[in-house]
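A quick write-up on the structure given underneath.
Note that the coordinates shown come from a computational prediction; the quantities given were computed from them, not determined experimentally. One-based numbering along the sequence shown.
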Amino acid sequence: VAEMLVQSHTGYIELLPAISKAWNTGAVNGLKARGNYEMDMKWTKGRVTSLLIKSNTKKQANIYCNGKLQTVATNTQLLF
């Protein structure tokens, strides 16, 4: 189930790569990704609306979110 929400084996963190239509809207807290990242995320209509990526060791994370690859600051609440 976690792999439906987050994948991180390609060198960046991909959010909602295989989300089910039955889970069109939802939220998750404490999901882990490679690189010592922990995420809290909310989504609506299959698109991420809120994201917090936490890390004690890294200041940035590369994410693929809502069709766009971007570098974001860790430990900061992001709204899309």
Side-chain angles (χ1 to χ4, degrees):
V1 172
E3 288 287 320
M4 291 172 51
L5 301 173
V6 174
Q7 292 182 5
S8 58
H9 61 274
T10 56
Y12 55 86
I13 299 168
E14 186 172 358
L15 305 176
L16 305 179
I19 194 70
S20 167
K21 290 182 182 182
W23 288 8
N24 198 30
T25 298
V28 65
N29 292 320
L31 204 57
K32 301 282 188 173
R34 284 177 180 85
N36 195 31
Y37 294 104
E38 181 180 331
M39 286 162 282
D40 299 341
M41 173 175 57
K42 294 180 185 177
W43 64 93
T44 302
K45 297 181 182 176
R47 295 183 59 82
V48 175
T49 57
S50 173
L51 175 67
L52 173 60
I53 298 181
K54 301 174 229 176
S55 175
N56 292 329
T57 58
K58 298 181 181 178
K59 294 182 180 187
Q60 295 181 326
N62 294 319
I63 64 165
Y64 186 79
C65 175
N66 298 337
K68 183 178 177 184
L69 184 61
Q70 55 193 310
T71 301
V72 299
T74 58
N75 305 310
T76 303
Q77 185 73 40
L78 303 167
L79 301 175
F80 298 94

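For Thr10, there are no side-chain hydrogen bond (donor to acceptor under 3.5 Å, both in side chains) partners, not counting sequence neighbours. In this view, Thr25 and Thr44 satisfy the side-chain contact (heavy atoms from CB on, under 4.5 Å) rule, not counting sequence neighbours. Under the rule for a salt bridge (charged side-chain N to carboxylate O under 4.0 Å, His left out), the partners of Lys32 that lie at least two apart in sequence or sit in another chain are Glu38. Under the side-chain hydrogen bond (donor to acceptor under 3.5 Å, both in side chains) criterion, Glu3 pairs with no residue at all, not counting sequence neighbours.
Taking CG of Leu15 as the reference point, atom CD of Gln7 lies at 10.5 Å (rounded to 0.5 Å). Atoms CD1 and CG, from Ile13 and Leu51 in turn, are 8.5 Å apart once rounded to the nearest 0.5 Å.
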Donor-acceptor contacts, no H, no angles, side chain residues 70-80, under 3.5 Å, sequence neighbours left out:
residue: Thr71; atom: OG1; partner: Asn62; partner atom: OD1; Å: 2.7
residue: Thr74; atom: OG1; partner: Lys58; partner atom: O; Å: 2.6
residue: Thr74; atom: OG1; partner: Lys59; partner atom: O; Å: 3.3
residue: Asn75; atom: OD1; partner: Ser55; partner atom: N; Å: 3.2
residue: Asn75; atom: ND2; partner: Ser55; partner atom: O; Å: 2.9
residue: Thr76; atom: OG1; partner: Thr74; partner atom: O; Å: 3.3
residue: Gln77; atom: NE2; partner: Ser50; partner atom: OG; Å: 2.4

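For the pairing with Trp23, the side chain to side chain contact (heavy atoms under 4.5 Å, CB included) check across Leu16, Val28, Val1 returns one residue only, Val1.
Scanning all heavy atoms of the two residues, the minimum distance from Leu5 to Pro17 falls at O-CD, 3.5 Å. The shortest heavy-atom contact between Trp43 and Asn24 is CD1-O, 3.3 Å.
Other residues, nucleotides and ligands contribute more than 12 heavy atoms inside 6.0 Å of the NZ atom of Lys54.
Here Tyr12 is tied into one hydrophobic group with Tyr64, Leu69, each link being a pair of ILVMFWY side chains closer than 4.5 Å.
Under a 3.5 Å cut-off, the side chain of Asp40 and the backbone N or O of Gly30 do form a donor-acceptor pair. Judged purely by atom type and a 3.5 angstrom limit, Asn66 has no side-chain atom pairing as donor or acceptor with the backbone of Arg47.
In this structure the side chain of Val48 never reaches within 4.5 angstrom of the side chain of Ile63, judged on heavy atoms.
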